[in-house]
Structure formats: structure tokens, C-alpha cells
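Residue numbers start from 1 in every chain, and the chains themselves are labelled A, B, ... in the order their sequence lines are given, proteins ahead of strands.
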2 protein chains.
Amino acid sequence: METSQEHLPVSEATFLILLSLAQESRHGYAIMKDVEALSQGRVSLSTGTLYGALSRLLDQRWIERVEDELPEQSSRTRKRYRLSEQGRHVLQAESQRLEQLAAMARLRLAENLS
Amino acid sequence: METSQEHLPVSEATFLILLSLAQESRHGYAIMKDVEALSQGRVSLSTGTLYGALSRLLDQRWIERVEDELPEQSSRTRKRYRLSEQGRHVLQAESQRLEQLAAMARLRLAENLS
DNA sequence: TGCGATATGTCGTATAACGACATATTATGA
DNA sequence: TCATAATATGTCGTTATACGACATATCGCA
């Protein structure tokens with residue numbers, strides 16, 4: 001049986017992209033802007049990272065293409081993506097890993113306050 | 001001014017090695033075992049990862065060599081390492097990054113429980 | 001008309017994790 | 001005593017991926 005945990009950890013870029021799509025489906029540029037806002041400006045994805053990650057995530061089936069409603073008017077070359085079921089599982093597993101890591105650090109760092 | 005945040009994120013392997021050394025100075029093999037225990041068996045560092053990381057961490061001055069007390073008796077080829085001041089700063093910064101990421105995920109994932 | 005924002009992509013480089021391989025010592029139990 | 005497991009450190013090649021630089025096109029607006 002293949003569990004989501006086997007794919008962890010995912011990179012920060014991948015995590016933030018998945019997290020952005022967890023809220024709603026978006027196209028690449030919107031993900032870029034959302035990740036920047038989401039991280040309070042700390043993370044600015046370069047286009048190399050973004051589109052490379054999107055293509056990888058599609059291959060892995062963690063995200064899926066969504067056909068834009070209203071394709072007639074205002075049809076730019078935008079491509080919309082959404083999180084797949086599998087992607088949501090991975091995101092949840094990675095979130096737990098992050099929580100666990102943060103909790104471990106809190107404990108160990110508290111031990112040594114002397 | 002160079003702040004610890006500029007080096008983030010650090011890899012999971014690096015983070016766990018630093019966290020292990022935050023408790024007390026250790027030699028490589030002991031770090032390996034501690035990381036395994038610390039992560040409840042989830043992370044088993046390969047020696048390639050471990051010794052590669054240690055050598056890099058020394059270069060970056062995030063860790064330092066410690067001369068073993070009692071070098072006469074029981075002197076194996078063990079090399080002991082400790083966390084440097086800079087290393088502790090990086091570890092603290094990375095812990096905060098992890099907390100922030102985990103908190104972000106908690107919020108977004110809670111939004112979409114419907 | 002031109003510029004900034006929106007939008008997508010490729011390419012080359014650098015970093016680092018990882019498994020496989022190599023080697024040596026120490027402790028233990030059959 | 002002899003083999004085996006645990007302790008201990010290291011190198012090498014492969015692979016994954018982040019990132020900056022470059023390239024291109026459209027849209028809205030002043």
C-alpha cells in the first residue's frame with residue numbers, strides 16, 4: 001500500500017503551491033502572488049521554480065488541470081489548476097510532519113534555556 | 001547585515017542534525033541514532049547524507065569540532081561535534097519558519113473542511 | 001504609443017539527499 | 001575462539017529540484 005507519507009518531505013515551494021491550491025483553484029501567476037502573500041512576502045517563487053513544480057505536480061497527479069469556464073470571452077493562455085484528492089492527502093501528511101518537527105524543536109530548544 | 005533567516009530553509013536532515021546537537025555534543029554515529037529516535041523512527045539518515053552534511057556544517061561554521069576528553073583510554077576514531085552560536089541562531093530561525101508554515105497550513109486546511 | 005502588470009515557459013547551474021560501496025574497531029554470545 | 005552485530009567514518013555517482021536568467025506574448029491604461 002502506498003501512503004502519502006512515503007513522498008515526504010516535499011520542498012517549501014511545493015508545499016506552498018499545494019497550500020495555495022487547497023483554498024481554491026488558481027492559475028500559475030495567481031499561485032505565485034498568493035504564495036507571496038501567504039508567506040508574508042518571505043517566499044517569492046521564481047518562474048523556473050513555479051512552472052517546473054507545476055509540471056512535476058501534474059505528472060505526480062497531485063494537481064489537475066481545470067478547464068476555464070467562459071472560454072469564449074477573455075480567453076488568455078491561462079491554465080487553471082486544482083488540488084487532487086491525492087494532493088490533499090499529501091498536503092495533510094506534510095502539514096503533520098511540519099507540526100511534529102516544530103513540536104520536537106520546541107521541546108529540545110526549551111530544555112536548553114540555561 | 002547577515003541574518004540567520006537568509007540561509008533558510010535548511011533541509012530536514014540538516015535541521016534534525018542541528019536539533020540533535022542542540023541538546024548536547026555528539027559524534028556522527030550518535031547523531032544518526034538520536035535523529036532516528038527523535039523522529040520516532042521516521043528519519044534514518046544514510047551515512048552519505050550524515051557525513052556530507054557534517055562536513056558542510058563545519059564549512060558553514062554552524063557546528064564545531066570538540067576534542068574528546070579522555071583521549072588516552074578508549075580513543076576510537078570518533079569525532080565529536082557541537083552546535084556553534086551561529087548554528088543555534090539558524091536552528092531557532094528555522095524552528096520559527098516551521099511554526100509559521102504549520103500555522104498557515106492549519107488555517108487554510110481548517111477553512112476547507114466542508 | 002509605450003510601459004507595467006499579467007501570464008507562461010526553457011535552460012543551465014548549483015546544491016544536497018540518497019543508496020551503494022568501502023573499511024576498521026569493539027562487544028557479545030554460541 | 002570465532003563469527004557476527006553494533007559501532008564508527010568515509011567516498012562516489014545518480015537524481016531531484018530550486019533558482020536566476022532569458023524569452024515571449026497579451027492586456028489595461030495613461
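Between A:Arg80 atom CZ and C:dT6 atom C1' the separation is 14 Å, expressed in whole Å. The CZ atom of B:Arg78 sits 5 Å away from the P atom of D:dA8 (whole-angstrom rounding). Computed from coordinates, the B:Leu57 CG to C:dT15 P distance equals 15 Å when rounded to whole Å. Counting to the nearest Å, the C1' atom of D:dT26 and the NZ atom of A:Lys79 are 15 Å from each other. Taking atom CD of B:Glu12 as the reference point, atom P of D:dA16 lies 18 Å away to the nearest angstrom. Atom-to-atom, CG of A:Asp59 to P of D:dT17 comes out at 11 Å; the value is rounded to the nearest Å. When the P atom of D:dG20 is taken as reference, atom CG of A:Leu45 falls 10 Å away, rounded to whole Å. Between A:Leu16 atom CG and D:dT17 atom C1' the separation is 15 Å, expressed in whole Å.
Sorted by first and then second residue, the pairs that involve residues 31-41 of chain A and meet salt bridge (Lys or Arg N to Asp or Glu O under 4.0 Å), not counting sequence neighbours, are A:Arg26-A:Asp34, A:Asp34-B:Arg108.
A:Ser55 pairs by the side-chain hydrogen bond (donor to acceptor under 3.5 Å, both in side chains) definition with nothing, not counting sequence neighbours. Applying the salt bridge (Lys or Arg N to Asp or Glu O under 4.0 Å) rule to A:Arg82 yields the partners A:Glu64; only residues at least two apart in sequence or on another chain are considered. Under the rule for a side-chain hydrogen bond (donor to acceptor under 3.5 Å, both in side chains), the partners of A:Arg42 that lie at least two apart in sequence or sit in another chain are A:Glu12.
In this structure, B:Leu91 and B:Leu18 approach most closely via the heavy-atom pair CD2-O, 3.8 Å.
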Check the interface with nucleotides 22-25 of chain D: list each N/O to N/O pair with the protein under 3.5 Å, or write none.
none

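Within a heavy-atom distance below 4.0 Å of DNA chain C, no residue of residues 25-33 of chain B is found.
Minimum atom distance to the side chain of B:Tyr51 is reached by D:dT11, of the listed C:dC18, D:dA18, D:dT11.
Note on A:Thr14: only backbone sugar-phosphate atoms sit closer than 4.0 angstrom, heavy atoms only; bases stay farther off.
Heavy-atom contacts from other residues, nucleotides or ligands closer than 6.0 Å to CZ of B:Arg65 number more than 12.
Centroid-to-centroid, the aromatic rings of B:Trp62 and B:His7 come within less than 6.0 Å.
Between the side chain of B:Ser95 and the main chain of A:Ala105, no donor-acceptor pair closer than 3.5 Å is present.
Between A:Glu99 and B:Arg106 there is a salt bridge, since a side-chain N of the basic residue sits under 4.0 Å from a carboxylate O of the acidic one.
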